[in-house]
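One structure is given here, and the rest of the page talks about it.
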Amino acid sequence: MSQSSTAVREPLLRIAKREGTTMPQKIAVRAIAILLALVVDALFIYFVTGLNPLAVYGVMWGGTFANMTRFSWMLRDLSILLCVGIALAPAFKMRFWNCGGEGQILIGGLIAALVMVYQGNNLPTPVLFATMAIGSMGAAGAVAGGIWALIPAFFKARWNTNETLFTLMMNYVATSIVACMTNIMRGQASSLGTLNKATKAGWFPIIMGQRYTINIIVVIVLTFAMYAYLKFSKQGYEISVVGESENTARYAGINVRRVTVRTMLISGAVCGLCGFLIVAGKDQTIATTSAGG
């Protein structure tokens, strides 16, 4: 057999992390990426819609920064998106493609809504919020062996199933569960509507003129906490090693299955917490569209 027929073909493209880059270089790369994205978007806007891209960008800018009300709405939505990013970060760093964030958010939000409705008038406010938060995080991350986030993690660790399809399909199951439960909760009403509208039990208090200020504060704290966890903790190091090479991790004595399950528990728990923030600090209700796709 000839040498050419047995040689391994090199991939056409290979992505590798560049070591030794300075902070100015990192900033420049990100700035160029943003500019290129704006250029590509402008071309898409022009050729598909025929609109002036600069006019579209102007409307987008005005819709976000025209006044403090619109700017606060942007921060409200940004905090939820950032919370989802924080939740998925450890799983993605481990190369576990958790596409089930939407379902985990919905289940967490559903648990928070159920606690709000059925215990809102029975528990003191601090205890109610604590129960809603722990319940939402537990539903997504730890109850009954991790009903939601742990199921795909266990199957991945045990049988190496495709986590992308597994977590994606579980989103539809979560949506159906939320649809069923909202129908039960609304009873004979035409829609579920705002929860505890008269008593406002389970609603975040208004701080600095907005009810979702707590959402922003919580997500800021989560951002630094997750950074410290991934960057400086032993568990964060294990996540990085498993993400780079499972064989290397096993050689180093790391229990890959345990790291996989633990990391998905954290990812699912933060997604569940995001559902709690949506219910208590943003929508004050639960629906199949609460996660916003």
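- With hydrogens and angles ignored, the 3.5 Å screen pairs a side-chain donor or acceptor of N255 with a backbone N or O of R257.
- For the atom pair Q210 CD and T69 OG1, the distance stands at 7.0 Å (nearest 0.5 Å).
- For the atom pair W61 CH2 and L54 CG, the distance stands at 14.0 Å (nearest 0.5 Å).
- In plain terms, the two heavy atoms of N171 and G103 that are nearest each other are OD1-N, 2.8 Å.
- Both V270 and F129 are assigned to one and the same hydrophobic cluster, defined by single-linkage of ILVMFWY side chains at heavy-atom distances under 4.5 Å.
- Summarising the geometry of P90 relative to I266, their closest heavy-atom pair is CG-CG2, 4.5 Å, with the distance given to 0.1 Å.
- By the 30° and 60° cut-offs, the orientation of the rings of F232 relative to Y227 is perpendicular.
- For the pairing with I278, the side chain to side chain contact (heavy atoms under 4.5 Å, CB included) check across I286, D283, T285 returns one residue only, D283.
- In terms of heavy-atom proximity, L106 sits nearest to A291 at CD2-N, 4.0 Å.
- Heavy-atom neighbours of R258 CZ from other residues, nucleotides or ligands within 6.0 Å: at or below the threshold of 12.
- Nearest heavy-atom pair across G281 and Q284 is C-NE2, 3.6 Å.
- Nearest heavy-atom pair across L230 and A89 is CD1-CB, 4.3 Å.
- With hydrogens and angles left out, the side-chain atoms of N215 and S79 include no donor and acceptor closer than 3.5 Å.
- No continuous path of ILVMFWY side-chain contacts below 4.5 Å connects I27 to I32, so the two sit in separate hydrophobic clusters.
- Between V219 and I86, the closest heavy-atom pair is O-CD1, 3.8 Å.
- The cluster map of Ile, Leu, Val, Met, Phe, Trp and Tyr, joined by side-chain heavy atoms under 4.5 Å apart, puts Y172 and I107 in different clusters.
- Between D41 and V56 the shortest side-chain heavy-atom distance does not fall below 4.5 Å.
- The environment of NZ in K93 is sparse: at most 12 heavy-atom neighbours from other residues, nucleotides or ligands sit within 6.0 Å.
- Judged purely by atom type and a 3.5 angstrom limit, N121 has no side-chain atom pairing as donor or acceptor with the backbone of A201.
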Does the salt bridge (Lys or Arg N to Asp or Glu O under 4.0 Å) test come out yes or no for E238 and R262, once each step is laid out? CA-CA 11 Å; E238 290 176 343; R262 182 185 65 208; 2.8 Å; yes

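- Judged purely by atom type and a 3.5 angstrom limit, S267 uses its side chain to pair as donor or acceptor with the backbone of A87.
- Side-chain contact between M181 and L114: present, with at least one pair of heavy atoms (C-beta onward) separated by less than 4.5 Å.
- Linking Ile, Leu, Val, Met, Phe, Trp and Tyr whenever their side-chain heavy atoms come within less than 4.5 Å leaves M170 and L168 in two separate clusters.
- Looking at N98, its side chain never comes within 3.5 Å of a backbone N or O of M264 through a donor-acceptor pair.
- Side chains of N160 and K156 form a contact here, defined as non-hydrogen atoms less than 4.5 Å apart.
- Within the 4.5 Å cutoff, no side-chain heavy atoms of V29 are placed close to those of T21.
- Within the 4.5 Å cutoff, no side-chain heavy atoms of T64 are placed close to those of M60.
- Distance check: Q235 CD to I254 CD1 gives 11.0 Å after rounding to the nearest 0.5 Å.
- With sequence neighbours excluded, the residues that form a ring-ring contact (aromatic ring centres under 6.0 Å, His included) with F92 are W97.
- T213 places no side-chain N or O within 3.5 Å of a backbone atom of M208 that could act as its donor or acceptor partner.
- Contact of the V127 side chain with the T131 side chain is registered, since non-hydrogen atoms from C-beta on lie closer than 4.5 Å.
- Note on ring orientation: taking the six-membered ring where Trp is involved, the planes of F155 and F166 are tilted (angle from 30° to 60°).
- V59 and W73 are assigned to two separate hydrophobic clusters, defined by single-linkage of ILVMFWY side chains at heavy-atom distances under 4.5 Å.
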Evaluate side-chain contact (heavy atoms from CB on, under 4.5 Å) for F276 paired with M116, printing each intermediate quantity in order. CA-CA 10 Å; F276 162 59; M116 179 190 293; over 6 Å; no

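- V242 pairs with exactly one of T263, T248, V256 by the side chain to side chain contact (heavy atoms under 4.5 Å, CB included) rule, that one being V256.
- By the 6.0 Å contact criterion, OH on Y237 is open, its count of non-hydrogen atoms from other residues, nucleotides or ligands being 12 or less.
- Looking at S245 and Y251, their side chains never bring a donor and an acceptor atom within 3.5 Å of each other.
- Applying the side chain to side chain donor-acceptor pair (under 3.5 Å) test to T260 and every residue at least two apart in sequence or in another chain returns nothing.
- One finds the OG1 atom of T289 at 9.5 Å from the CD atom of E102 (value rounded to the nearest 0.5 Å).
- No side-chain heavy atom of F96 sits less than 4.5 Å from a side-chain heavy atom of I239.
- Inter-residue side-chain proximity for S290 and V279 is flagged as unmet; no heavy-atom pair is nearer than 4.5 Å.
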Taking it one step at a time, do F44 and V40 satisfy side-chain contact (heavy atoms from CB on, under 4.5 Å)? CA-CA 6 Å; F44 182 85; V40 173; 5.6 Å; no

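- Taking CG from D77 and OH from Y212, the interatomic distance works out to 8.5 Å, rounded to the nearest 0.5 Å.
- Counting non-hydrogen atoms of other residues, nucleotides and ligands closer than 6.0 Å to OH of Y46 gives a total of 12 or fewer.
- Note that OG1 of T223 is 4.0 Å distant from CG of L82, once rounded to the nearest 0.5 Å.
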